[in-house]
Amino acid sequence: MTKVYVTATCPDCSEVKARLSGNPDFEIIDICSHMRNLKEFLRLRDSSPAFDSVRACGSIGIPCFIEEDGRISFEAEKFLAEEISTGASCSLDGKGC
C-alpha cells in the first residue's frame, strides 16, 4: 500500500485526496488532522535525503507518496490514472500552492 501525505488546505493535495480516496492501494494521511500524523511526516521529512531539494527551496513536500518499497515521490501523475495539473509542492514562503 502506498502512503500519501496530504493536507486539506493544499489545492494539489485536495485533488489527489479526492481522486485516490476509496482506493485500497493508497493510505491517505492528512498531516493536519492529528498531531500524530504531523509528527510522523516531520520525522520522515527531516531525516530522508529525498526531501533535501524540497527543504532547500522552502517547500513542505506534499503531496508526498511513500511506496511499499520505501521510495519517496512528489509526482502525483505517477500514481493517478489520469494526469492532473500540479504546481510546486506547498512552500513555507507562500510561492507554492
Side-chain angles (χ1 to χ4, degrees):
M1 176 181 303
T2 298
K3 288 186 174 186
V4 185
Y5 291 96
V6 299
T7 185
T9 58
C10 167
D12 293 338
C13 293
S14 295
E15 186 167 354
V16 166
K17 186 176 176 180
R19 304 257 320 261
L20 295 179
S21 65
N23 185 330
D25 296 329
F26 297 91
E27 177 185 2
I28 307 295
I29 303 167
D30 187 328
I31 63 173
C32 292
S33 69
H34 196 283
M35 187 59 68
R36 172 186 64 243
N37 296 342
L38 179 59
K39 287 180 178 182
E40 178 181 306
F41 177 74
L42 289 177
R43 272 192 300 276
L44 175 68
R45 184 183 183 276
D46 292 347
S47 64
S48 173
F51 286 87
D52 288 349
S53 62
V54 170
R55 287 189 308 268
C57 69
S59 294
I60 295 170
I62 55 172
C64 175
F65 301 83
I66 312 296
E67 297 182 63
E68 289 184 44
D69 63 4
R71 285 182 293 165
I72 297 172
S73 176
F74 307 101
E75 301 299 322
E77 294 87 0
K78 178 179 176 182
F79 299 93
L80 301 176
E82 299 173 32
E83 189 171 315
I84 63 169
S85 62
T86 60
S89 293
C90 289
S91 63
L92 297 175
D93 63 5
K95 292 180 182 171
C97 289

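Keep in mind it's a predicted model, so treat the numbers as computed, not measured.
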request  = Looking only at non-hydrogen atoms, find the nearest pair between Ala18 and Ser21 and report the distance.
outcome  =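 For Ala18 versus Ser21, the nearest heavy atoms are O-OG, 3.4 Å.
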
query = How about Ile62 and Val6: do any of their side-chain heavy atoms sit closer than 4.5 Å?
reply = no

query = Would you say Leu80 and Glu77 make side-chain contact, with heavy atoms under 4.5 Å?
reply =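 Answer no - side chains too far apart.
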
key: Side-chain (Arg55) to main-chain (Arg45) donor-acceptor, under 3.5 angstrom   = yes

query = Between Ser14 (side chain) and Ala8 (backbone), is there a donor-acceptor pair under 3.5 Å?
reply = yes

inquiry  = So, using ring pair (Phe, Tyr, Trp, His ring centres under 6.0 Å) as the criterion, who are the partners of Tyr5 when residues are at least two apart?
reply    =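 With neighbours one apart ignored, the set is Phe41.
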
key: All pairs passing ring pair (Phe, Tyr, Trp, His ring centres under 6.0 Å) where residues 13-34 contributes a residue, at least two apart   = none

request  = State plainly whether the residues Asp46 and Arg43 are in salt-bridge range, i.e. N to O under 4.0 Å.
outcome  =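 Arg43 and Asp46: not salt-bridged.
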
key: Glu67: partners by salt bridge (charged side-chain N to carboxylate O under 4.0 Å, His left out), with sequence neighbours left out   = Arg71, Lys78

task = Kindly indicate, with the supporting measurements, whether the criterion side chain to side chain contact (heavy atoms under 4.5 Å, CB included) is fulfilled by Leu20 and Thr2.
result = CA-CA 11 Å; Leu20 295 179; Thr2 298; over 6 Å; no

message = Would Leu44 and Phe51 count as a side chain to side chain contact (heavy atoms under 4.5 Å, CB included) here? Give the steps.
response = CA-CA 9 Å; Leu44 175 68; Phe51 286 87; 3.8 Å; yes

ask   = Going through the distances and angles, do Phe74 and Ser59 end up as a side chain to side chain contact (heavy atoms under 4.5 Å, CB included)?
value = CA-CA 11 Å; Phe74 307 101; Ser59 294; over 6 Å; no

